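Some notes on the structure that comes next.
These numbers come from a predicted model, not from an experiment. Nothing fancy with the numbering, it's 1 onward along the sequence.
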Amino acid sequence: MIIRKPDSIFINGEYTAENTKVETELINGGLDVYLTSSGKIKFVQLHWNLKDDEIRREKISILGDEFERGYGKISWQGLNYERIMPWYFAVSNGSDSVTDYSGRYTECFGVEVRPRAFCSWYYDGRGIDLILDVRNGGIPVELGGRKLKAATVFFKEYRNVSAFSALKSFCSVMSRNPLKTDKIIYGSNNWYYAYGRSSAEEIISDTELVADLCKGCKNKPFMVIDDGWTPHRTTAPWVSNEKFGDMKALAEKMNEKGVIPGIWVRFLYDEKFELDLPEEARRNGCRERLDPTHPAVKSFISETIDNIVSWGYKLIKHDFSSNDISLGVWGKDVGNYCFCSKEEGFYDKSKTTAEIVVEFYELILEHAKDTLLIGCNTFSHLCAGLVHANRTGDDTSGREWIQTRKMGVNSLAFRLCQNGSFYISDADCVGILGNNIDWKLNRQWLELLSKSGSALFVSCQPSKAEGEIAEDLMKNFAIASEQKDEMIPLDWMENVAPERYLINGEEKVFNWSTDKRI
């Protein structure tokens with residue numbers, strides 16, 4: 001199906017025909033959608049009727065994405081009229097398990113990254129709907145007569161190639177200017193064995209371990225300090241606790257020992273109310289969550305990043321933004337096409353939530369300077385081009401293999417097409433804690449990540465890094481330190497946790513099965 005103007009346009013909100021209009025313009029292979037209004041607008045719907053020769057009459061599968069991280073459910077499915085598909089979707093015949101791609105036909109529909117609306121698709125086989133959520137939080141946006149470029153829409157057709165190849169090409173269409181770095185993003189993160197119980201001394205021990213395991217690697221590994229370094233877990237203020245002390249001195253020691261220091265932070269949460277902020281800088285429905293449109297919050301974010309950068313941390317992993325901005329909603333719980341269900345807006349009510357999110361990520365990038373950024377619990381399509389890497393799935397585990405299989409394997413396979421186009425994909429860690437997970441399973445997860453061409457992070461209890469585990473870590477860190485491999489999932493159209501992959505042109509089969517479910 002070739003891109004064209006929609007057959008119908010609908011507007012939801014308080015407006016008149018005189019004060020509100022939606023315009024579309026075909027340009028540069030896409031369709032720009034503009035909204036101008038002095039009314040109060042919630043949603044705009046664009047509808048395309050499929051012509052008779054555009055209706056797919058053969059057996060097809062349909063792939064949709066998620067608003068933020070994947071939660072183990074991204075999958076190809078049959079026709080479902082009510083299925084919401086954020087940002088983009090694809091319709092394809094056949095199966096990528098069969099590597100003869102003659103006769104394959106994949107259609108892709110999506111919006112350019114960083115739109116100024118939350119974008120959701122519906123497909124019923126005879127028509128296509130695109131819902132543009134232009135609300136301000138949970139209330140209508142008040143543009144005040146401003147002309148908003150809500151989104152740029154793309155339709156693309158791909159023939160005689162795999163569905164994965166089609167999606168990979170389409171991701172490059174949607175994201176033409178990714179944020180590039182000459183650094184290879186791989187290394188260690190202490191979360192999945194420490195779970196927030198750590199100290200400067202333990203971080204130095206972790207640093208020495210990963211530096212030793214990566215000895216001889218072409219590029220230096222990162223060592224990321226996750227949650228637990230501040231006075232209060234997961235919440236402001238972002239200053240060190242007594243176990244960590246001088247954060248600048250710690251970064252210097254880490255650097256001296258051969259790693260690139262990184263650190264975790266959550267910008268929009270002040271559960272203990274220790275920040276000196278005006279009341280209007282806090283969200284009414286959840287006062288511990290901060291309003292990113294308020295000048296005082298912007299100043300706090302800027303100062304926090306400036307501090308972290310001045311300490312010498314060369315990677316910042318910023319977390320929880322989608323949950324905090326939506327007042328506690330996780331991507332897996334989104335209903336209909338509404339991300340924020342609470343009837344509350346932001347301090348600045350003239351901007352859409354998507355605009356606010358993009359400006360928030362832009363502020364972080366501006367102050368990060370040459371420090372790399374990893375998004376976690378970020379809105380995937382809105383952070384593309386504003387982070388160097390992005391956590392593509394929910395948390396894996398150092399305790400439960402089924403959690404790793406569900407979240408890690410699924411997000412790696414189904415969002416690998418975004419790797420390098422949107423950002424470097426980070427499907428989360430290999431968690432090594434005690435004997436909780438059989439090493440024959442974690443070894444495979446380690447290998448899959450290291451050969452994926454995406455980020456590899458390992459979270460290893462130091463006492464476990466010996467024998468075959470240490471040997472496997474060294475081998476796979478060496479592979480990940482260059483990220484030259486090319487990997488393609490083969491059975492992803494039939495399996496939510498794919499087992500068959502084409503790695504550098506050769507098929508490799510993994511076994512994710514376990515007899516332990518409790």
Side-chain angles (χ1 to χ4, degrees), residues 28-30 32-33 63-70 74 85-90 108-121 130 132-133 149-154 156 164 166-181 183 185 292 315-323 325-326 331 334 339 352-366 368 371-394 411-412 414-428 452-455 483:
N28 297 327
D32 290 343
V33 183
L63 175 70
D65 197 44
E66 296 276 7
F67 277 115
E68 44 116 353
R69 299 173 298 182
I74 306 177
M85 295 178 286
W87 311 124
Y88 67 84
F89 75 101
C108 299
F109 308 84
V111 296
E112 189 170 22
V113 297
R114 301 188 300 282
R116 268 47 180 178
F118 277 83
C119 303
S120 306
W121 295 89
L130 171 60
L132 303 175
D133 181 347
K149 184 179 179 181
T152 297
V153 182
F154 294 108
K156 293 292 181 181
F164 183 84
L167 261 296
K168 190 171 181 63
S169 296
F170 190 59
C171 284
S172 296
V173 171
M174 291 186 288
S175 179
R176 291 173 280 192
N177 296 293
L179 192 59
K180 295 290 189 179
T181 176
K183 296 281 195 304
I185 299 177
L315 181 147
I316 296 174
K317 177 182 175 183
H318 62 85
D319 201 352
F320 280 94
S321 60
S322 74
N323 184 267
I325 285 171
S326 62
V334 176
F339 200 91
T352 68
T353 306
E355 282 186 286
I356 290 165
V357 171
V358 169
E359 290 178 4
F360 168 59
Y361 294 153
E362 288 175 338
L363 179 66
I364 297 171
L365 178 60
E366 175 189 351
T371 294
L372 300 189
L373 297 172
I374 293 183
C376 184
N377 189 227
T378 44
F379 295 108
S380 62
H381 225 64
L382 301 181
C383 74
L386 299 175
V387 295
H388 299 87
N390 188 45
R391 267 280 304 282
T392 52
D394 194 11
S411 69
L412 178 64
F414 284 88
R415 280 185 157 172
L416 190 59
C417 57
Q418 302 170 358
N419 185 50
S421 295
F422 285 14
Y423 31 59
I424 299 300
S425 296
D426 173 12
D428 209 12
S452 67
S454 66
Q483 290 177 8

**OP:** Considering non-hydrogen atoms only, spot the tightest contact between Asp394 and Arg69 and give its length.
**Re:** OD1-NH1, 3.2 Å
Original post:
Hey, does Pro292 have a side-chain heavy atom less than 4.5 Å from the side chain of Ile356?
Top reply: yes
Subject >> Spacing of Cys171 atom SG and Asp65 atom CG [to the nearest 0.5 Å] >> reply: 8.0 Å
Subject >> Note, Glu355 side chain near Val358 side chain (heavy atom, < 4.5 Å) >> reply: no
Subject >> Worked verdict on Ser452 versus Leu412 for side-chain contact (heavy atoms from CB on, under 4.5 Å) >> reply: CA-CA 8 Å; Ser452 67; Leu412 178 64; 4.0 Å; yes
Original post:
Yes or no on side-chain contact (heavy atoms from CB on, under 4.5 Å) for Thr392 and Ser380, after CA distance, side-chain angles and deciding distance?
Top reply: CA-CA 8 Å; Thr392 52; Ser380 62; over 6 Å; no
Original post:
Are Glu66 and Arg415 within salt-bridge range, i.e. N to O under 4.0 Å?
Top reply: no
Subject >> Gap separating the OG atom of Ser454 from the CD atom of Gln418, nearest 0.5 angstrom >> reply: 11.5 Å
Original post:
When rounded to the nearest 0.5 angstrom, what distance separates NZ in Lys317 from CG in Leu372?
Top reply: 14.5 Å
Original post:
Can you tell me how far the CG atom of Leu179 sits from the SG atom of Cys383, to the nearest 0.5 Å?
Top reply: 10.5 Å
Subject >> Side-chain donor or acceptor of Ser421 paired with backbone N/O of Ser175 under 3.5 Å >> reply: no
**OP:** Measure from the ring center of His381 to the ring center of Phe422 and say whether it is less than 6.0 Å.
**Re:** yes
Original post:
Any donor and acceptor pair, going by atom type alone, linking the side chain of Asn377 with main-chain N or O of Asn323 inside 3.5 Å?
Top reply: yes
Original post:
Under the 3.5 angstrom rule, does the side chain of Glu68 hit a backbone N or O of Gly331 as a donor-acceptor pair?
Top reply: yes
Subject >> Leu167 to Cys108 - nearest heavy-atom pair and separation >> reply: CD2-SG, 4.0 Å
Original post:
Hey, does the side chain of Tyr361 reach the backbone of Phe379 with a donor-acceptor pair shorter than 3.5 angstrom?
Top reply: yes
Original post:
Can you check whether Asn28 reaches Thr152 side chain to side chain, under 4.5 Å on heavy atoms?
Top reply: no
Original post:
Taking atom CZ of Phe109 and atom CH2 of Trp121, what is their separation to the nearest 0.5 Å?
Top reply: 7.5 Å
Original post:
Which heavy atom of Asn419 sits nearest a heavy atom of Lys168, and at what distance?
Top reply: O-NZ, 3.6 Å
Subject >> Thr378-Asn390 side chain donor-acceptor pair, cut-off 3.5 Å >> reply: yes
Original post:
Do you know which two heavy atoms are closest between His388 and Thr371, and how far apart they sit?
Top reply: CE1-O, 4.0 Å
**OP:** With rounding to the nearest 0.5 Å, note down the distance linking NZ in Lys156 to CE in Met174.
**Re:** 11.5 Å
**OP:** Locate the shortest heavy-atom distance separating Gly64 from Ile74; write the atom from each residue and the value.
**Re:** O-CG2, 3.5 Å
**OP:** With the side chain counted from C-beta on, respond yes when His318 and Val387 share a heavy-atom pair under 4.5 Å apart, and no when they do not.
**Re:** yes
Subject >> Taking every non-hydrogen atom, the tightest pair across Ser120 and Phe67 >> reply: OG-CZ, 3.3 Å
Subject >> Within-4.5 Å side-chain heavy-atom neighbours: Ile185 and Asp426 >> reply: no
Original post:
Any side-chain heavy-atom pair from Thr352 and Phe118 closer than 4.5 angstrom?
Top reply: no
**OP:** Keeping the roles fixed (side chain from Arg116, backbone from Arg114), state whether a donor-acceptor pair exists under 3.5 Å.
**Re:** yes
Original post:
Ignoring hydrogens and geometry, is there a side-chain-to-backbone donor-acceptor pair from Trp87 to Val111 under 3.5 Å?
Top reply: no
Original post:
Would you call Tyr423 and Leu373 a side-chain contact if the rule is heavy atoms closer than 4.5 Å?
Top reply: no
Original post:
Under the side-chain contact (heavy atoms from CB on, under 4.5 Å) criterion, do Glu366 and Leu363 qualify, and how do the steps go?
Top reply: CA-CA 5 Å; Glu366 175 189 351; Leu363 179 66; 4.1 Å; yes
**OP:** Find out whether Thr353 and Asp133 are in side-chain contact, i.e. whether some heavy atom of one side chain is under 4.5 Å from a heavy atom of the other.
**Re:** no
